[in-house]
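Whatever order the structure lists ligands and atoms in, that order sets their numbers, starting from 1. Keep in mind that the numbers below use all heavy atoms, side chains included, and drop hydrogens, waters and symmetry copies.
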Amino acid sequence: MDNDAQRKKVVLTCVQPTGKLHLGNYLGAVKNWIAYQESCECYFGIVDMHAITIPYVPADLRKNVYSLAAQYMACGIDPSKCNMFVQSNVVGHADLAWILGCICPLGQLERMTQYKDKARKHANNLCSGLLYYPVLMAADILIYNADIVPVGEDQKQHIEITRDLAQKFNRTYSDTFVLPEPYIPKTGARIMSLQSPDSKMSKSDPNQNGTIYITDDADTLRKKIMSAVTDSDTAVRYDEANKPGISNLMNIMSSLGGMGISDIEDSFAGKNYGEFKKAVADVVVEALSPVRERYDALVADKDALNKVLSDGAAAAQRRADRIMSKVRRKVGFVDTRAK
Ligand code: ATP
Ligand code: LTN
């Protein structure tokens, strides 16, 4: 297909508006989206429908949507070069999820790692939406026929199920969906908690000292990094198995500062952990201070955020409608609405 070779690649990715973005979200996800804006057709979603799969407060959700839009932009997402949208504002995501759910084996959903983790955490308040989460995510991707989905390591399994569903749909109803490719960065794809470096940095971690938020002020950033859990050795050396805390800090420094891991080892040979942590803190503060300043200004202008999200949703809707009209026809739905 000549057109296919010439057309711009479509990039789609999303984050849940469940709170402030942390360094894992930034390094594993948002920072890597920026380059795509120059050469690809980009759709960056705020997935509010995913955020209601665990207990939540509606007023917080509303606030978090605007806050996330401002954080995207503060990180360098430029709405004049991409389409930023709120998932529930584009009609079709839930419709496509329903159709895909009808070809998705139940057992495959029950085996998803993220589902098992979250089901354990919310055992007393478990809804079927949580089990269905990966099907909605597959719909988010396939409704735009996305070629590339940049995500952190933890989402790899969800992209695999998306590809399985696309293939199964194509086999059952004829060729319709592109099989999306994940983009998972080499460094930064799995940033660990500073307090328990065996588990990933997370918004929902009960020990908030382990999570660096991109809007934390310089003092908080320094305190969190200086109190990061390390080991009883003294060498700044990369060894994920035996020195997970130090390796995590090295990953953070490398992803933010652009130094290679072996360059970091060389420059801190013979130096102690205190000196190393201070240098990591300097890199983090330097990288995040401008993000925080931009965020404060952006989040204060709700009208501007509404305009960005409304334009983004309109563009996303146009693309989603084209793909959904094909899907509806192929599965045998009739359209009796007046034209
Ligand atoms: P929670 O921390 O509450 O479980 P989350 O931050 O994992 O939520 P999202 O906000 O939906 O969930 O994640 C958005 C993006 O950030 C995804 O692409 C995800 O892969 C990536 N991501 C999340 N945590 C990390 C991490 N610790 N390291 C690298 N990437 C991450
Ligand atoms: N499941 C993802 C968020 C998400 C997503 C998507 C990511 C929902 N839909 C589509 C990429 C593409 C998460 O928890 N991080």
Side-chain angles (χ1 to χ4, degrees), residues 10-33 36 42-56 64-65 67-68 71-72 75 85-88 90 93-94 96-97 100 112-115 117-118 120-122 129-130 132-144 146-163 165 180-194 196-208 210-214 244 248 251-252 255-256 316:
V10 174
V11 174
L12 171 291
T13 188
C14 306
V15 174
Q16 302 184 70
T18 43
K20 291 279 166 66
L21 289 176
H22 54 69
L23 199 57
N25 300 140
Y26 180 62
L27 294 177
V30 185
K31 181 170 172 271
N32 309 305
W33 308 353
Y36 284 120
C42 293
Y43 295 86
F44 299 133
I46 296 177
V47 285
D48 51 352
M49 289 155 70
H50 279 91
I52 67 170
T53 54
I54 53 172
Y56 76 103
N64 286 340
V65 165
S67 165
L68 184 53
Q71 287 175 80
Y72 275 1
C75 290
F85 67 96
V86 180
Q87 179 189 32
S88 66
V90 179
H93 288 243
L96 182 56
L100 294 174
M112 291 286 120
T113 312
Q114 185 172 302
Y115 168 69
D117 285 351
K118 293 205 173 171
R120 221 176 296 122
K121 277 192 202 152
H122 302 283
L130 192 65
Y132 209 66
Y133 180 115
V135 183
L136 181 58
M137 175 160 164
D140 298 338
I141 298 169
L142 300 179
I143 202 169
Y144 300 101
D147 299 289
I148 305 167
V149 186
V151 280
E153 174 73 37
D154 62 329
Q155 295 303 311
K156 207 169 153 187
Q157 203 181 26
H158 288 162
I159 310 289
E160 273 156 23
I161 194 173
T162 302
R163 290 170 60 91
L165 289 172
E181 294 288 342
Y183 169 79
I184 297 173
K186 285 197 183 64
T187 54
R190 194 169 169 79
I191 299 296
M192 310 308 276
S193 158
L194 298 187
S196 43
D198 294 325
S199 48
K200 81 169 187 119
M201 187 175 284
S202 155
K203 291 176 208 139
S204 44
D205 192 334
N207 188 347
Q208 288 295 292
T211 305
I212 290 185
Y213 292 100
I214 62 165
N248 189 38
N251 270 331
I252 291 173
S255 314
L256 278 180

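Taking any N or O of Asp154, backbone or side chain, none lies under 3.5 Å from an N or O belonging to ligand 2. Backbone and side-chain nitrogen or oxygen atoms of Thr13 are examined, and none is located within less than 3.5 angstrom of a nitrogen or oxygen of ligand 2.
The closest approach between any non-hydrogen atom of Asp154 and ligand 1 is below 4.0 Å. Within the structure, ligand 1 has Gly188 among the residues with a heavy atom less than 4.0 angstrom away.
With hydrogens and angles disregarded, no donor-acceptor distance shorter than 3.5 Å links the side chain of Asn248 to the backbone of Pro197. Counting only distance, with no hydrogens or angles, the side chain of Gln71 and the backbone of Leu21 share a donor-acceptor pair below 3.5 Å. Judged by distance alone, with hydrogens and angles left aside, the side-chain atoms of Thr13 form no donor-acceptor pair with the main-chain N or O of Val149 at under 3.5 Å. Under a 3.5 Å cut-off, the side chain of Asp147 and the backbone N or O of Val10 do form a donor-acceptor pair.
Taking the ring centroids of His93 and Tyr144, they lie under the 6.0 Å cut-off.
The aromatic rings of His158 and Tyr133 sit tilted relative to each other, their planes meeting at an angle between 30° and 60°.
Rounded to the nearest 0.5 angstrom, Thr211 OG1 and Lys20 NZ are separated by 13.5 Å. Atom CD1 of residue Ile214 and atom NZ of residue Lys31 lie 12.5 Å apart, to the nearest 0.5 angstrom. From Asn25, atom CG reaches atom OG of Ser202 across 8.5 Å, with rounding to the nearest 0.5 Å.
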Evaluate the criterion side-chain contact (heavy atoms from CB on, under 4.5 Å) for residue pair Gln87 and Leu136; output intermediate values, then yes/no.
CA-CA 10 Å; Gln87 179 189 32; Leu136 181 58; 3.7 Å; yes
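Listed by number with element, the atoms of ligand 1 under 4.0 angstrom from any heavy atom of Val15 are 10 (O), 14 (C). Below 4.0 Å from some heavy atom of Arg190 lie the following atoms of ligand 1, by number and element: 28 (N), 29 (C). With ligand atoms numbered from 1 in the order given, ligand 2 contributes 8 (C), 9 (N) to contacts under 4.0 Å with heavy atoms of His50. Heavy-atom proximity to Val151, at under 4.0 Å, picks out these atoms of ligand 2: 11 (C). Atoms of ligand 1 found under 4.0 Å from any heavy atom of Gly28, numbered from 1 in the order shown, are 29 (C), 30 (N).
In terms of protein heavy-atom proximity, atom 15 (N) of ligand 2 is nearest to Gln155 NE2, 3.3 Å. Ranking protein heavy atoms by distance to atom 1 (N) of ligand 2, first place goes to Tyr133 OH, 2.6 Å. The nearest protein atom to atom 9 (P) of ligand 1, hydrogens excluded, is given as Lys203 NZ, 3.7 Å; this is a heavy-atom distance. When only non-hydrogen protein atoms are considered, atom 7 (C) of ligand 2 lies nearest to Cys14 O, 3.4 Å. When hydrogens are left out, the protein atom nearest atom 9 (N) of ligand 2 is Asp140 OD2, 2.7 Å; that is the closest non-hydrogen contact. Considering only non-hydrogen protein atoms, atom 15 (C) of ligand 1 sits nearest to Ala29 CB, 3.7 Å.
Looking at Pro150, Gly152, Ala189, it is Ala189 that brings a heavy atom closest to atom 29 (C) of ligand 1. Across the listed options Lys200, Gln155, Gln16, Lys200 owns the non-hydrogen atom lying nearest to atom 5 (P) of ligand 1. The heavy atom nearest to atom 4 (C) of ligand 2, considering only Met137, Gln87, Gln16, Lys118, is found in Met137. For atom 22 (N) of ligand 1, the candidate residues are Ile191, Asn25, Val151, Asn251; the nearest heavy-atom contact is made by Asn25. Of the listed options Cys14, Gly19, Ser202, Gly24, Gly24 places a heavy atom closest to atom 31 (C) of ligand 1.
In Val149, the part holding a heavy atom less than 4.0 Å from any atom of ligand 2 is the side chain. Here His22 has side-chain heavy atoms under 4.0 Å from ligand 1, and that is the only part of it that gets that close.
Of the listed residues (Lys200, Arg190, Lys118), just one forms a salt bridge (charged side-chain N to carboxylate O under 4.0 Å, His left out) with Asp154, and that residue is Lys200.
With a 4.5 Å cut-off on side-chain heavy atoms, Gln155 and Pro182 do not count as touching.
Side-chain contact check for Gln208 and Tyr213: at least one donor-acceptor pair (N or O, by modelled atom type) lies under 3.5 Å.
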